[in-house]
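Residue numbering restarts at 1 for every chain, and letters A, B, ... go by the order of the sequence lines.
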There are 2 protein chains.
Amino acid sequence: MKGMQIGRAFTLIEPGPVVLVTTHDGQKNNIMTITWTMVLDFAPRFAITTGPWNYSYAALKKTRECVIAIPTVDLIDKVVGVGTCSGADTDKFGKFGLTPVKAKHVRAPLIEECLANIECRVIDIVAKHNIVVLEGVAAYFDSSRKEKRTVHAVGDGTFVTDGRKLDRREMMKSKLPDGV
Amino acid sequence: MKGMQIGRAFTLIEPGPVVLVTTHDGQKNNIMTITWTMVLDFAPRFAITTGPWNYSYAALKKTRECVIAIPTVDLIDKVVGVGTCSGADTDKFGKFGLTPVKAKHVRAPLIEECLANIECRVIDIVAKHNIVVLEGVAAYFDSSRKEKRTVHAVGDGTFVTDGRKLDRREMMKSKLPDGV
């Protein structure tokens, strides 16, 4: 898990993969599965939809910190498992054999098994729409990992794996931020 | 293009495909390419990130209406083309050979060539974060279309096509909304 330029971290979220969001409430770590995410800015800033129905929300609101971890297709059953039980009564790192790794700027842990991790601070909560606005402060990418395909939740219990890559860099040159 | 249950429309956005957003400013149609989208609610409600830097934003703000159209991989060059020119000086429907179809509840047109279309009303604008909150009011899906693979923008000028499907309906049963 090596450092990644923070200015490139939006490219982890923009394709719309299902993500794991970790928190630390002062006593213990927790993880939630989130499929409702959006890039807000190259800075990077992200939005996620969450609220009191997620046990992690209390920790997110209190500590104003989290880590967004990007799982790959080989982790799909852990991702679904994390999303279908609650941190209220489950140690999800233990139950799903995921390894918490100390982050640099936040107390929420990175997840060692994931392809990438983004340390984030909560910079705003738009309560009316259940939108939490995050700013990425550090990012990591495990380029040694063979499996790099992420998964996209459809929302009906099915998922779509990343398929073929298409390169339109030349056509899009005028629209890309510097260094990306 | 047949009607689709509005309660299932979130499944078009949740996987995170690049979308086309049409508007009608009272005089002419326009289209923008948007990759920063998010589901907010099964209702359905969606968020998109946009602002004055997109020519379509003025029409979106004034009319408080739009259509989200879901293109497939065969349309990738039109999608990139739409995203790299401006409605200020271009008739994008004409230039890219896309066909506007009259919508039912909004003046913004559906796009005939797309896999699916969602008629939307703007229900809020969170100006501070450039978030436009949309409510879907009608949805359409072209099931006769052979190519159904959508594309996900990475943000660096590359795109990822939908690959293999995974079924986790049984594991997720407790978390799915009714009728999905």
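- Cluster membership for V21(B) and V137(B), using ILVMFWY side-chain heavy atoms within less than 4.5 angstrom, is not shared.
- The hydrophobic clustering, which links ILVMFWY residues whose side-chain heavy atoms are closer than 4.5 Å, places V106(B) and I111(B) apart.
- In this structure, OG1 on T35(A) lies 12.5 Å from CD1 on I13(B), to the nearest 0.5 angstrom.
- Note: the hydrophobic cluster containing M4(B) does not contain L110(B) (ILVMFWY, side chain heavy atoms under 4.5 Å, direct or indirect links).
- The environment of NZ in K148(A) is crowded: more than 12 heavy-atom neighbours from other residues, nucleotides or ligands sit within 6.0 Å.
- Following chains of ILVMFWY side-chain contacts shorter than 4.5 Å, one can reach M32(B) starting from I70(B), so the two form part of one hydrophobic cluster.
- Using a 4.5 Å cut-off between heavy atoms, D77(A) touches chain B through backbone and side chain atoms alike.
- The choice from T150(A), N130(A), V180(A), L176(A) that makes the most heavy-atom pairs within less than 4.5 Å of chain B is L176(A).
- Taking H129(B), K165(B), E170(B), R149(B) one by one and counting their heavy-atom pairs under 4.5 Å with chain A, the maximum is reached by H129(B).
- Listed options V80(B), V18(B), T161(B), D41(B) were ranked by heavy-atom pairs under 4.5 angstrom with chain A; first place goes to T161(B).
- Of the listed residues (G83(A), S174(A), P15(A)), the greatest number of heavy-atom pairs within a distance under 4.5 Å of chain B belongs to P15(A).
- Highest contact tally toward chain B, considering only M171(A), M172(A), R168(A), is held by R168(A) [criterion: heavy-atom pairs under 4.5 Å].
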>> Is there a side-chain contact (heavy atoms from CB on, under 4.5 Å) between M38(A) and I131(B)? Walk through the geometry before answering.
In response: CA-CA 10 Å; M38(A) 175 168 76; I131(B) 295 172; 4.1 Å; yes

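- Considering T158(B), V151(B), V160(B), V154(B) in turn, V151(B) is the only one that fulfils the side chain to side chain contact (heavy atoms under 4.5 Å, CB included) rule with L166(A).
- A donor-acceptor contact shorter than 3.5 Å is absent between the side chain of T84(B) and the backbone of K175(A).
- In terms of non-hydrogen atom pairs under 4.5 Å with chain B, the most contact-rich of T11(A), V39(A), I48(A), T49(A) is V39(A).
- Note on E14(B), R8(B), R45(B): by heavy-atom pairs under 4.5 Å with chain A, the leading option is E14(B).
- Only the side chain of I76(A) comes within contact range of chain B, judged by heavy atoms closer than 4.5 Å.
- Between R169(A) and D156(B), the shortest heavy-atom contact is CG-O, 3.3 Å.
- Between W36(A) and F10(B), the ring planes are perpendicular. Angles over 60° get that label, and only those under 30° would be called parallel.
- Going from atom CZ of F159(A) over to atom CZ of R164(B) covers 13.0 Å, rounded to the nearest 0.5 Å.
- Between chain A and the options V126(B), L40(B), V133(B), D167(B), the largest number of non-hydrogen pairs under 4.5 Å is found for L40(B).
- Follow the hydrophobic side-chain contacts under 4.5 Å out from Y57(A) and you never reach V67(A); the two are in separate clusters.
- The contact between K128(A) and chain B is made entirely by side chain atoms (from C-beta outward), counting heavy-atom distances below 4.5 Å.
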